[in-house]
Amino acid sequence: MNSKYKPNIIAFLCNWCSYTGADLAGTARMKIPSSIKTIRVMCSGRIDALFVLKAFLKGADGVMMMGCHPGDCHYQKGNYNTRRRYVLLDNLFKTLGLEKKRIGLWWVSASEANRYAKVTNEYTEEIKKLGPNPTSEEIFL
């Protein structure tokens, strides 16, 4: 593997918990990988499966989905919807023969800056081991 390879990771973060946790990690100057591109959504329940698939097909090497812990959603059931979508995506990736580790779901609250930093660093290392996305449009050009 090329030692200079920098994965392209898209992270969908819930506004109320995960995004605030990421902000806290940043203000605390924790080490966060520069490979993470954050997209803030009002609720993790708003993360449509098509958003994840499109990010992957457009060249993302990995896609992270983060939301409030189950039972703590500001919209009551948003994270439960997210969990159902994640299972659907996980099954789809298995069916298509793609590495299911290229998508992930984590619960990170607003006060969990350490958890956010840990999760993003570990996931970046995992994606580095997998290498570039085998299905991105760039390969077919």
Do the side chain of [X] and the main chain of [Y] share a donor and acceptor less than 3.5 angstrom apart?
X      : Y      : answer
Asp61  : Pro132 : no
Thr20  : Ser111 : no
Ser18  : Val108 : yes
Asn79  : His69  : yes
Tyr86  : Met65  : no
Thr135 : Leu57  : no
Thr120 : Ile32  : no

For residues [X] and [Y], determine if any side-chain heavy atom of one lies less than 4.5 Å from a side-chain heavy atom of the other.
X     : Y      : value
Tyr80 : Pro70  : yes
Asp90 : Lys94  : yes
Pro7  : Thr124 : yes
Ile39 : Leu13  : no
Met66 : Cys14  : no

Give me the atom names and distance for the closest heavy-atom approach of [X] to [Y].
X     : Y      : result
Ala25 : Ala113 : N-CB, 3.5 Å
Gly59 : Asn8   : O-ND2, 3.6 Å
Tyr5  : Lys128 : CE2-CA, 3.8 Å

Going from [atom1] on [X] to [atom2] on [Y], what distance comes out if it is rounded to the nearest 0.5 angstrom?
X      : Y     : atom1 : atom2 : result
Lys129 : Glu99 : NZ    : CD    : 13.5 Å
Leu105 : Arg85 : CG    : CZ    : 11.5 Å
Ile36  : Met64 : CD1   : CE    : 5.0 Å
Leu53  : Leu92 : CG    : CG    : 6.0 Å
His74  : Asn15 : NE2   : CG    : 8.5 Å
Leu50  : Leu89 : CG    : CG    : 9.0 Å

Set of ring-ring contact (aromatic ring centres under 6.0 Å, His included) partners for Phe93, sequence neighbours left out: Phe56
Pair Asn121-Lys31, side-chain donor/acceptor within less than 3.5 Å: no
Atom NZ of Lys54 with >12 non-hydrogen neighbours under 6.0 angstrom: no
Other residues, nucleotides, ligands: >12 heavy atoms within 6.0 Å of Arg115 CZ: yes
Worked check of side chain to side chain contact (heavy atoms under 4.5 Å, CB included) between Ile103 and Val52: CA-CA 8 Å; Ile103 58 168; Val52 175; 3.8 Å; yes
ILVMFWY network linking Leu88 to Val63, side-chain heavy atoms under 4.5 angstrom: no
Shared hydrophobic cluster, Val119 / Leu130 (ILVMFWY, side-chain heavy atoms < 4.5 Å): yes
Side chain to side chain contact (heavy atoms under 4.5 Å, CB included) evaluation trace for Cys68 with Ser109: CA-CA 5 Å; Cys68 304; Ser109 75; over 6 Å; no
Remaining members of the apolar cluster that contains Tyr75, side-chain heavy atoms under 4.5 Å: Trp16, Met42
From CA spacing to verdict: ring pair (Phe, Tyr, Trp, His ring centres under 6.0 Å), Trp106, Tyr116: CA-CA 9 Å; Trp106 296 269; Tyr116 177 80; 9.9 Å; no
Side-chain ion pair, Glu122 and Lys118, N-O less than 4.0 Å: yes
